[in-house]
Amino acid sequence: MEEQGVIKKFLYVNRKAPYGSIYALESLEVVLIGAAFEQDISLAFIDDGVYQLKKNQQTSVSSGIGVKDFSKTYRALEGYDVEKLYVDNKSMEERGLTVDDLIVDVQLLDDAQMAQLMEQQDVVLSF
Amino acid sequence: MAIEVNGKTIETDEEGYLINLAEWNEDIAKILAAEDELSITDNHWEVIKFLRDYYDEYQIAPAVRVLTKAIGKKLGPEKGNSKYLYELFPYGPAKQACRYAGLPKPTGCV
Amino acid sequence: MLHTVNKSPFDRNSLESCLRFAHQGHSILLFEDGVYGALKGTRFETLLTEALKSYNIYVLVPDIEARGMRTDGIIEGIKPTDYAGFVDLVAQTKAVQAWL
């Protein structure tokens, strides 16, 4: 993907709720595949994207919509050395969510901090 | 594709991975391994079991780098290294062991 | 940085979120259904007029025309561009952020 030894800053921006469209799952798969290239990866969750991290998703075949509950996979990211997860504070507040509602540890950012994070990136991938 | 296990037909994809994860049992693992002329030892079962637990917890099959690290954490450094895992699963510890474990091919494996 | 917005502001908040995070001096290109945000006489006109003070805003003319709209309906200050201009914008910028 990149010349050997060159580490770039990649930001994945997630703005869609899970299950209603394929964006959230696709993003996660790209993150997992991309992790093999050992780049400097950050994930941002904005707008309905914050719903991807909601705890207690129940999707089983027996009592639910019958698709994989990929919210559990966010907890595997640490093992892939993807540890920088940022969440837009305003999107959380608008939806009545707090960090206790989320399945992983994240860092809450205000508008200026999020804008700063975006500004620092070499590559921004939007989902 | 499909395999016969105890008189039951189990569907697999073109690379031999189970279509329906819920159909898995130990006999399936043994038959898949036998096709590769490999007999499953306790050390193999330990990795297969680890992979099934990992999948249950995270809903993905780990990449080999992640598997190696996680095995090391759980079972110690003498098992959490490529040499040990490749000796057990010469076709690639993540790829081959996942197939025996009834899991999909790890994301990002080609 | 170049931001692209391809969704109608009436349908989604892509444009509003873009404006919330874009830095002063960034470029924003409206294309596909995003072009509806570039037109005079909608409830987003004030938002865009205000945004023009901070950003360079462009709109892709073929998408305006495809939707039966006219280039003279574009808000004053938003720069009409064609596909070649779109390519130039991308080529000039360090990173592109798509607001889907």
Side-chain angles (χ1 to χ4, degrees), chain A residues 2 6-18 20-28 30 34 39-52 86-95 107-127, chain C residues 1-38 43-44 46-48 50-60 63 86-100:
Chain A
E2 298 299 330
V6 176
I7 294 182
K8 288 195 172 187
K9 291 175 83 72
F10 281 71
L11 176 68
Y12 293 84
V13 178
N14 300 286
R15 294 183 49 247
K16 301 279 191 277
S21 67
I22 197 70
Y23 286 97
L25 180 58
E26 288 286 312
S27 172
L28 190 52
V30 176
Q39 300 292 303
D40 181 0
I41 295 173
S42 301
L43 272 58
F45 297 85
I46 300 171
D47 296 327
D48 279 354
V50 301
Y51 285 134
Q52 293 176 23
Y86 301 99
V87 170
D88 171 39
N89 193 36
K90 184 172 174 231
S91 303
M92 292 285 281
E93 282 180 356
E94 284 176 342
R95 288 161 181 76
Q107 212 175 319
L108 283 180
L109 301 185
D110 64 23
D111 287 10
Q113 291 169 318
M114 185 65 82
Q116 191 57 40
L117 177 73
M118 292 171 175
E119 184 74 18
Q120 293 161 354
Q121 305 303 316
D122 295 304
V123 180
V124 180
L125 296 154
S126 306
F127 292 90
Chain C
M1 181 178 273
L2 172 68
H3 301 263
T4 64
V5 177
N6 72 335
K7 299 296 186 297
S8 162
F10 294 98
D11 183 39
R12 301 194 202 180
N13 68 346
S14 308
L15 176 60
E16 285 162 288
S17 286
C18 168
L19 293 175
R20 189 147 69 88
F21 296 114
H23 267 185
Q24 179 106 22
H26 281 179
S27 296
I28 299 170
L29 174 82
L30 307 172
F31 74 116
E32 296 176 357
D33 287 347
V35 301
Y36 291 117
R43 71 176 162 90
F44 294 98
T46 321
L47 180 73
L48 269 289
E50 203 53 39
L52 278 164
K53 293 175 187 166
S54 308
Y55 315 111
N56 303 304
I57 306 181
Y58 300 84
V59 62
L60 192 65
D63 282 326
F86 189 168
V87 173
D88 288 341
L89 281 173
V90 173
Q92 282 160 18
T93 195
K94 181 180 146 202
V96 179
Q97 176 150 7
W99 295 89
L100 306 171

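Atom set for the values below is all heavy atoms of this structure, side chains included, hydrogens, waters and symmetry mates excluded. Order of the sequence lines sets the chain letters (A, B, ...), proteins ahead of strands, with each chain counted from 1.
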Heavy-atom closest contact (A/Met114 atom, A/Val87 atom, distance): CE-C, 4.0 Å

Name of the residue among A/Arg15, A/Lys16, A/Lys90 meeting side-chain hydrogen bond (donor to acceptor under 3.5 Å, both in side chains) with A/Asp47: A/Arg15

Name of the residue among A/Leu28, A/Val124, A/Val30 meeting side-chain contact (heavy atoms from CB on, under 4.5 Å) with A/Tyr12: A/Val30

Segment of A/Tyr23 engaging chain C (4.5 angstrom heavy-atom cut-off): side chain

A/Asp88 versus chain C, the contacting section by heavy-atom distance below 4.5 Å: side chain

Atom group of A/Gln121 that falls short of 4.5 Å from chain C, counting heavy atoms: backbone

Most chain A-contacting option - heavy-atom pairs closer than 4.5 Å, from C/Arg12, C/His26, C/His23: C/His23

Output field: ring centroids C/Phe86/C/Phe31 closer than 6.0 Å: yes

